[in-house]
Amino acid sequence: MRVNGVLATALYSSAALLGQVRAEESEDASTTTVTESSTTSEIEKPTFTPSEIKADFLEQFTDDWTSRWSPSHAKKEDSKATEEWAYVGEWAVEEPTVFKGIEGDKGLVVKNPAAHHAISAKFPKKIDNKGKDLVVQYEVKLQNGLECGGAYMKLLQDNKKLHAEEFSNASPYIIMFGPDKCGATNKVHFIFRHKNPKTGEYEEKHLKSAPSAKITKTTNLYTLIVKQNNDFEILINGESSKTGNLLEDFTPSVNPEKEIEDPKDSKPGDWVDEARIPDPEATKPEDWDEDAPFEIVDEEATKPDDWLEDEPTMIPDPEAEKPEDWDDEEDGDWIPPTVPNPKCDEVSGCGKWEPPMKKNPDYKGKWTPEYIDNPAYKGVWKPRKIANPDFFEDKTPAKFEPMGAIGFEIWTMQSDILFDNIYIGHSIEDAEKLKAETYDVKAAIEKAEEEASKPKPKETPESPLDLKFMDDPVKFIREKVDLFWTLVQQDPLEAVKTLPEVAGGIGALAVTIIALIIGVVGMSSAPPPQVKKAAEKAKQTAMDTKDQVVDAASTGAEKAQAELNKRTTRSSGPAE
């Protein structure tokens, strides 16, 4: 009965310990999975409610959006290409699929990659900002990023030819505003078309030093404010990114120069524009020798004492061997390749010694006269200035021509670009209110979801060699056993050498169990031969294991450290 108690206790303790270790591992994995999967779902999201803010044009893509927006079926005009491009890109109004911030909040979405897209919406009435500030604001969400393509809008010129189904790149616009990226180019466009009051022709004015666009999968808010005094400001996510003036920060300039160079004027034949000339009175000195060489032999040089004049600079390669297929009759006498003489590396030099060259102190080169100021110099010739016949002065370019529609006409390599919450009006305060109702709410939620979706870095595991049993018995055993079984799968013998205490423990447990069985059997009768043989074999194995452990202690430590390094690297690396 005593033996049975000991055996039961040993088996129960082993099973309980291993069970507890595996249960904790399973519980940790389960907890991690639940935590990761439930993080984003725990973020509470408000439900979309249409804004009550009034504006000349306010679009939140509610269910009646098709009554305002019309996709284009026009052909894209391109004078540089022989092919005719059609606007085949599809549009949809839907909720975002990446980092959704507000339930039920829909936006206009570009559905096709690598396609031309065009869609427009007429304003309820034309927008005229004469005597008013102009505010243009809208959200852009790059759900698949943006490698090459545009996400800008166009405010179209109000005219009788404004047909939605014929909207194209050739449709006249007043303002183009928004992000555009392809390769190294990354900017927020601000272009306005200005009418020449003399010719009636329009010219695009491009913002110099445009700010960079935000290329993220979260929503970004772009705001353009043009004031009556011609000052402008571009804000990205409510922060100022660029300020300036329409008369100073655009190219080409709004107003031409008052004077221009006379195209009919030409430089007179006797005009002297050489500031300096060779001195005509200078003469070459009598002792000037133009034929003297640049270098001469150094007559004062002497041969170094260690110079090996009898040693050649190159010698046959002593390691070269004649190829086996070399035929002296057909190929001629085989001559080994030459290599630098190694003896020459240890001294000043080898071979015939000759004195070195040195710079000739009498060398002067070709004589040229010195330059003097030209007494006939008249200065740099420039054509005379005349009044610019095309000059005009527009002091109020901010008084844009009336605008009758908004359009998105873009080409992009990425799909699922989403536009939302478009405000076009004259109130900076109302635009900020709309920002507070929409962007500010969803931006906080989207950033929280983005952070929650990032993979959590794994903690670097402690070395099993550094653990102490009394600090954490379960972790101590778990780490030791895990490392032992990892090594067993690669090389069982190395596993025994590396972690002798684990191998010894397993061997001792086996011997104990066999001995207990023999003891139980011995109480009633002599042990069977096969049991006795097994016990002797187990005992011998344990003794051999002990001897191998002593002989391979240093090798085992190195092996354990190498395996630990691999495990640490895998655990601490970034998650894929």
Side-chain angles (χ1 to χ4, degrees), residues 183-185 206 208-209 251-253 256-323 326 328 330-390:
T185 300
H206 292 250
K208 295 183 287 188
S209 303
T251 182
S253 176
E257 298 290 336
K258 289 184 178 181
E259 292 184 329
I260 60 171
E261 294 180 348
D262 186 356
K264 297 180 181 180
D265 192 17
S266 59
K267 184 171 69 173
D270 61 348
W271 188 274
V272 179
D273 52 11
E274 294 178 344
R276 291 176 63 80
I277 59 173
D279 186 356
E281 298 181 1
T283 58
K284 183 174 70 173
E286 294 181 359
D287 61 345
W288 193 283
D289 184 4
E290 291 186 333
D291 298 327
F294 178 74
E295 289 185 325
I296 59 175
V297 176
D298 186 359
E299 301 292 347
E300 299 178 358
T302 57
K303 183 175 69 173
D305 295 337
D306 61 345
W307 192 277
L308 303 179
E309 201 159 12
D310 296 332
E311 284 287 341
T313 57
M314 302 293 289
I315 61 172
D317 187 355
E319 298 181 1
E321 297 181 358
K322 183 170 71 172
W326 188 276
D328 291 337
E330 294 184 4
D331 302 326
D333 294 336
W334 180 77
I335 301 176
T338 58
V339 295
N341 189 345
K343 294 181 180 180
C344 300
D345 295 336
E346 302 173 358
V347 295
S348 299
C350 297
K352 183 180 178 180
W353 181 84
E354 293 181 353
M357 302 293 286
K358 69 175 185 178
K359 185 178 180 180
N360 185 1
D362 297 326
Y363 171 77
K364 295 183 178 180
K366 184 176 179 62
W367 179 85
T368 55
E370 294 182 357
Y371 273 69
I372 61 172
D373 292 336
N374 187 354
Y377 175 65
K378 293 185 178 181
V380 177
W381 182 84
K382 293 181 180 179
R384 63 175 175 266
K385 292 281 188 176
I386 62 172
N388 184 0
D390 298 325

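Everything numeric here is computed off the predicted structure, so don't read it as measured data.
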Original post:
Step by step, would you call Asp287 with Lys364 a side-chain contact (heavy atoms from CB on, under 4.5 Å)?
Top reply: CA-CA 10 Å; Asp287 61 345; Lys364 295 183 178 180; 4.0 Å; yes
Original post:
Considering residues at least two apart in sequence or located in another chain, which fulfil the side chain to side chain contact (heavy atoms under 4.5 Å, CB included) criterion with Lys258?
Top reply: Phe391
Subject >> Within residues 293-306 or reaching into it, pairs that qualify as side-chain hydrogen bond (donor to acceptor under 3.5 Å, both in side chains) - sequence neighbours excluded >> reply: Lys303-Glu309, Asp306-Ser348
Subject >> Closest non-hydrogen atom pair between Trp353 and Pro304, with its separation >> reply: NE1-CD, 3.6 Å
Subject >> Those residues that, when tested against Tyr377, pass ring-ring contact (aromatic ring centres under 6.0 Å, His included) (two or more places apart) >> reply: none
Subject >> Ile296 side chain reached by Lys358 side chain, heavy atoms, under 4.5 Å >> reply: yes
Subject >> Atom pair CD (Glu290) and OG1 (Thr368), whose distance is rounded to the nearest 0.5 Å >> reply: 9.5 Å
**OP:** For residues Pro256 and Asp390, determine if any side-chain heavy atom of one lies less than 4.5 Å from a side-chain heavy atom of the other.
**Re:** no
Output a table of donor-acceptor pairs, distance under 3.5 Å, between side-chain atoms of residues 263-280 and any protein atom two or more places apart or on a different chain; print 'none' if there are none.
{"residue": "Asp265", "atom": "OD1", "partner": "Arg384", "partner atom": "NH1", "Å": "3.2"}
{"residue": "Asp265", "atom": "OD2", "partner": "Arg384", "partner atom": "N", "Å": "2.9"}
{"residue": "Lys267", "atom": "NZ", "partner": "Asp273", "partner atom": "OD2", "Å": "3.0"}
{"residue": "Trp271", "atom": "NE1", "partner": "Gly379", "partner atom": "O", "Å": "3.0"}
{"residue": "Arg276", "atom": "NH1", "partner": "Asp373", "partner atom": "OD1", "Å": "2.9"}
{"residue": "Arg276", "atom": "NH2", "partner": "Tyr371", "partner atom": "O", "Å": "2.7"}
{"residue": "Asp279", "atom": "OD1", "partner": "Glu281", "partner atom": "N", "Å": "3.1"}

Original post:
Donor-acceptor pair, Asn360 side chain versus Pro293 backbone, under 3.5 Å?
Top reply: yes
**OP:** Please confirm whether the backbone N or O of Pro285 pairs with a side-chain atom of Trp367, one donor and one acceptor, at under 3.5 Å?
**Re:** no
Original post:
For Lys366, which residues count as a side chain to side chain donor-acceptor pair (under 3.5 Å) partner, sequence neighbours excluded?
Top reply: none
Original post:
Are any non-hydrogen side-chain atoms of Lys322 and Asp328 less than 4.5 angstrom apart?
Top reply: yes
Show me the donor-acceptor pairs within less than 3.5 Å that the side chains of residues 333-344 make with the rest of the protein, sequence neighbours left out.
{"residue": "Asn341", "atom": "OD1", "partner": "Lys343", "partner atom": "N", "Å": "3.1"}
{"residue": "Asn341", "atom": "ND2", "partner": "Glu311", "partner atom": "OE1", "Å": "2.9"}
{"residue": "Asn341", "atom": "ND2", "partner": "Pro312", "partner atom": "O", "Å": "2.8"}
{"residue": "Lys343", "atom": "NZ", "partner": "Glu311", "partner atom": "OE2", "Å": "3.4"}

Original post:
Counting only heavy atoms not in Asp310, do more than 12 sit closer than 6.0 Å to its CG atom?
Top reply: no
**OP:** Would you check if Met357 and Val297 make a side-chain contact, meaning some heavy-atom pair closer than 4.5 Å?
**Re:** yes
